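Structure record follows, encoded as structure tokens.
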Amino acid sequence: MRKPIIAGNWKMYKSLGDAVETVLALKPLVANANHCEVVIAPVFTAIKTVADRLEGSNIHIAGQDCSTEVEEGAHTGEVAAFMLKDVGAKYVIIGHSERRQFYAETDSMVSRKTQAAIKSGLSVIMCVGESLAQREQGIAENVVSGQLGGGLNGLTASDLDRIIVAYEPVWAIGTGRTATPEQAQEMHAFIRRVFAERHSSGAAEKLRILYGGSVKPDNIAGLMSQGDIDGALVGGASLKADSFAQIVNYRS
Ligand code: PEP
């Protein structure tokens, strides 16, 4: 059985005070959510304080990115994966489409960041997904399998236990336009097949694949009813404690 993950990506939103206020409101609302893992990804500067305020709760912390470098060193502006772990993160999001689009992140950078994160003891939420133009050209599967192959390059079989894939079609992120549950399921099943071919059927069976792209309280249940959708990566609707809690509690 794959335990679902519902993760909130706060992007570059919230001052420290707002972040603390939101998690304190969220904590009691999701306290009984044993059916899934709950994860929040605040900005770097809020991670330590938020992690401290969540100690003993069922909410885990993710970083939104990390450096390609494993060790500390002269890399101005970078944050190493071990530093995220040090301040309380369990996960890190790597290869989000905003980083690929606006910060020129390549598959080879995604691969190096992933290896650094795993070496540092974090689990990775690796984002893949096609643009609208790529979907319309009929090359969505090629794009996604290329991103997966590039990002997962060089990992050992035991590293795969620390990989979670988030399928986030770029045309559905922050647009209000969600992939239908059937469209998402089709790509998730494809991702699992690619994983089985590249690695093993056992690893593919264990792999958790999250869907991301305008997930809201009113569409989460339909998405989660699909066999290969193992959770969600939620942007906008994770910013408010009550809407994120409704998504987490999709079964009640
Ligand atoms: C995201 O940022 O990962 C995301 C899916 O955003 P939204 O839910 O706002 O589309």
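Because the structure is a prediction, the values reported are computed rather than measured. All heavy atoms count here, side chains included; hydrogens, waters and symmetry mates do not. Here, residue 1 is the first one in the sequence, and each next residue gets the next number. Every number for a ligand or one of its atoms is a count from 1 in the order of the listing.
The shell of residues lying under 4.0 angstrom from ligand 1, judged by heavy atoms, includes Lys11. Ligand 1 is never approached by Ala237 to a heavy-atom distance shorter than 4.0 Å. In this structure, Ala172 counts as a contact residue of ligand 1, since one of its heavy atoms falls inside 4.0 Å of the ligand.
Atoms of ligand 1 found under 4.0 Å from any heavy atom of Asn9 (numbered from 1 in listed order, with element): 1 (C), 2 (O), 3 (O). Residue Gly213 has at least one heavy-atom neighbour below 4.0 Å for each of these atoms of ligand 1: 5 (C), 10 (O). Counting atoms of ligand 1 from 1 in the listed order, those under 4.0 Å from a heavy atom of Ser214 are 7 (P), 8 (O), 10 (O).
What sits closest to atom 9 (O) of ligand 1 on the protein, heavy atoms only, is Gly236 N, 2.9 Å. Among protein heavy atoms, atom 3 (O) of ligand 1 sits closest to Glu168 OE2, 2.7 Å. Scanning the protein heavy atoms around atom 1 (C) of ligand 1, the nearest turns out to be His96 NE2, 3.3 Å.
No side-chain N or O of Thr49 forms a donor-acceptor pair with one of Asp52 less than 3.5 Å apart. Side-chain contact, Trp171 with Glu130: a donor N or O sits under 3.5 Å from an acceptor N or O. Defined by atom type and a distance below 3.5 Å, a donor-acceptor pair is missing between the side-chain atoms of Lys216 and Ser243. Side-chain polar atoms of Ser111 and Asn153 form no donor-acceptor pair below 3.5 angstrom. Between the side chains of Asp228 and Gln185, at least one donor-acceptor pair of N or O atoms lies under 3.5 Å.
Judged as a salt bridge (charged side-chain N to carboxylate O under 4.0 Å, His left out), and not counting sequence neighbours, the contacts of Asp65 are Arg99, Lys113.
Side chains of Val128 and Val110 form no contact here, defined as non-hydrogen atoms less than 4.5 Å apart.
With distances taken over non-hydrogen atoms, the option nearest atom 10 (O) of ligand 1 out of Gly174, Gly235, Gly176 is Gly174.
Contacts between Ile173 and ligand 1 below 4.0 angstrom, taking non-hydrogen atoms only, involve backbone and side chain alike.
A salt bridge links Glu37 to Lys90: one of the charged nitrogens lies within less than 4.0 Å of a carboxylate oxygen.
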